[in-house]
Every structure is written in C-alpha cells, then in structure tokens.
Amino acid sequence: MSDCIFCKIADKKVPARIIYEDEDALAFEDINPQAPVHALIIPKRHIANTLDITEDDNHIVGHLIQIANRIASDKGIAERGFRLVINCNPEAGQTVYHLHIHLLGGRIMHWPPG
Ligand code: AMP
Ligand code: ZN
C-alpha cells in the first residue's frame with residue numbers, strides 16, 4: 001500500500017533499525033519504545049489488522065510469533081518474560097494500519113494493561 005508507513009519500511013523507502021528480515025517478514029525497533037526491548041514484527045505483505053487475517057495468512061501469523069520468540073531469546077528476555085501485543089482498531093490504540101506484533105520486555109509488565 002503506497003501510503004502505509006510499514007509498507008515503506010518493508011520496501012526500504014523509509015529507514016528503520018531492522019533486527020530481522022526474511023522473504024515474508026520484517027522486525028525492527030519501535031521508534032517510540034515503551035520498554036527496554038520494544039520491537040515490531042510485521043508481514044511484508046500489507047494486512048491492515050487482525051480482522052483482515054484469512055486462512056491463507058495462518059502460516060505468516062505463526063511465523064511472526066516464531067520471530068518474536070527468537071528475538072526475545074536473542075535479547076535475553078525469554079526466560080524473564082515478555083509481552084506480545086496486537087492492537088486492533090481505535091479503542092485498542094491501533095495507530096498504524098499494517099498488522100504488527102509488539103514485542104515488549106526488559107521490565108516488569110503490569111496487568112491489566114492501560
Ligand atoms: P499501534 O499503536 O499498535 O498501531 O503501534 C504502532 C507503533 O508503531 C507505535 O508503537 C509507534 O511508535 C510505532 N511506529 C510508528 N512509526 C514508526 C516508524 N517509522 N518506525 C518505527 N516504529 C514506528
Ligand atoms: Zn502496509
């Protein structure tokens with residue numbers, strides 16, 4: 001999608017601090033980190049949010065979680081604990097309409113979330 005910031009990052013038209021990349025997925029540092037570790041894991045293909053995930057996307061969604069697990073291990077937070085968040089639509093706080101998983105860790109997380 002031409003006006004989507006995460007599509008532009010995936011196309012390397014906008015810079016980002018990339019942590020991991022393969023044919024189908026990308027992970028990069030969040031520009032406004034909410035924890036010592038705050039990465040975003042996205043499919044390269046534009047999917048607006050979880051409501052647009054179809055049966056055909058099941059593989060990529062599982063793949064994104066595998067990537068998040070790997071980054072958590074690489075950053076040394078897997079055993080301590082981390083949080084994966086997907087915001088969907090305005091009341092959840094979604095601001096970028098390209099599916100992304102937040103990987104948050106490196107500090108104690110509170111529950112319920114704000
Ligand atoms: P959400 O509110 O769940 O849609 O999350 C969007 C996230 O994208 C926020 O945490 C932003 O800080 C982050 N973000 C927005 N633009 C960029 C960018 N250009 N590079 C990295 N992270 C970004
Ligand atoms: Zn997009």
Side-chain angles (χ1 to χ4, degrees):
M1 245 186 117
S2 59
D3 62 345
C4 169
I5 184 74
F6 287 179
C7 281
K8 287 179 182 164
I9 289 174
D11 290 343
K12 310 288 162 52
K13 289 175 182 149
V14 166
R17 293 174 63 183
I18 292 172
I19 304 166
Y20 173 86
E21 178 169 17
D22 62 31
E23 201 180 327
D24 302 315
L26 189 70
F28 50 95
E29 308 278 0
D30 195 292
I31 205 168
N32 182 22
Q34 301 302 311
V37 175
H38 190 172
L40 301 174
I41 302 101
I42 69 167
K44 286 189 171 173
R45 191 172 75 75
H46 185 87
I47 300 170
N49 63 29
T50 60
L51 293 170
D52 280 357
I53 293 170
T54 68
E55 285 282 328
D56 291 343
D57 299 319
N58 285 345
H59 175 76
I60 183 69
V61 174
H63 184 53
L64 299 179
I65 292 174
Q66 299 281 354
I67 294 166
N69 286 341
R70 208 174 312 151
I71 294 170
S73 293
D74 290 348
K75 301 250 184 201
I77 58 168
E79 300 307 319
R80 292 168 60 191
F82 60 92
R83 186 169 289 173
L84 302 182
V85 173
I86 304 177
N87 295 321
C88 182
N89 274 341
E91 286 201 2
Q94 186 175 8
T95 57
V96 176
Y97 282 75
H98 180 128
L99 183 68
H100 50 282
I101 300 178
H102 295 259
L103 164 62
L104 295 148
R107 66 167 170 83
I108 292 172
M109 298 287 156
H110 300 286
W111 194 265

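For ligands, and for the atoms within them, numbers begin at 1 and follow the listed sequence.
Applying the 4.0 Å criterion to heavy atoms of His102 picks out, from ligand 1, the atoms 1 (P), 3 (O), 5 (O), 7 (C), 10 (O). Close approach of ligand 1 to Leu40 is summarised as follows: ligand atoms under 4.0 Å from at least one heavy atom of the residue are 8 (O), 13 (C), 22 (N). Residue His100 has at least one heavy-atom neighbour below 4.0 Å for each of these atoms of ligand 1: 1 (P), 3 (O), 4 (O), 5 (O), 6 (C). Counting the atoms of ligand 1 from 1 in the order shown, those under 4.0 Å from a heavy atom of Asn32 are 12 (O). Using a 4.0 Å cut-off to heavy atoms of Gly93, the atoms of ligand 1 that qualify are 1 (P), 2 (O). Within ligand 1, the atoms closer than 4.0 Å to a non-hydrogen atom of Val96 are 4 (O), 6 (C), numbered from 1 in the order shown.
Using a 4.0 Å cutoff on heavy atoms, Phe6 counts as a contact of ligand 1. Heavy-atom distances between Arg17 and ligand 1 stay at or above 4.0 Å for every pair. For Val14, the heavy-atom gap to ligand 1 stays at 4.0 angstrom or more. Under the 4.0 angstrom criterion for non-hydrogen atoms, Glu29 is in contact with ligand 1. The closest approach between a heavy atom of Ile9 and any atom of ligand 1 is below 4.0 Å.
To the nearest 0.5 Å, atoms SG (Cys4) and NE2 (His98) are separated by 5.5 Å. If you take CD1 on Ile101 and CG on Leu64, they are separated by 4.5 Å, rounding to the nearest 0.5 Å.
Not a single donor-acceptor pair under 3.5 Å links the side chain of Glu91 to the backbone N or O of Gly93. A donor-acceptor pair is defined here as one N or O able to donate and one able to accept, closer than 3.5 Å; no such pair exists between the side chain of Asp52 and the backbone of Asn49.
Within 6.0 Å of atom CG in Leu51, more than 12 heavy atoms from other residues, nucleotides or ligands are found, so the atom counts as buried in its surroundings.
Between Gln94 and ligand 1, a contact under 3.5 Å exists for no N or O pair. Considering both main-chain and side-chain atoms, Asp30 comes within under 3.5 Å of ligand 1 through a nitrogen or oxygen pair.
Of all non-hydrogen atoms in Pro15 and Ile9, the two that sit nearest each other are O-CG1, 4.4 Å.
Residues Asp22 and His63 bring a donor and an acceptor atom of their side chains to less than 3.5 Å of each other.
Draw a line from the Zn ion (ligand 2) to ND1 of His46 and another to SG of Cys7, and the angle between them is 110° (to 10°).
Of all N/O/S atoms in His98, ND1 sits nearest the Zn ion (ligand 2).
In this structure, the protein non-hydrogen atom closest to atom 4 (O) of ligand 1 is Thr95 N, 2.7 Å. The nearest heavy-atom contact from the protein to atom 21 (C) of ligand 1 is Ile31 N, 3.3 Å.
Using the six-membered ring where Trp is involved, His102 and His100 have ring planes that are perpendicular, over 60° apart on the 30 and 60° scheme.
Hydrophobic cluster membership differs between Ile5 and Leu99, with clusters built from Ile, Leu, Val, Met, Phe, Trp and Tyr side chains linked at under 4.5 angstrom.
With salt bridges taken as basic N to acidic carboxylate O contacts below 4.0 Å, one links Glu21 and Lys44.
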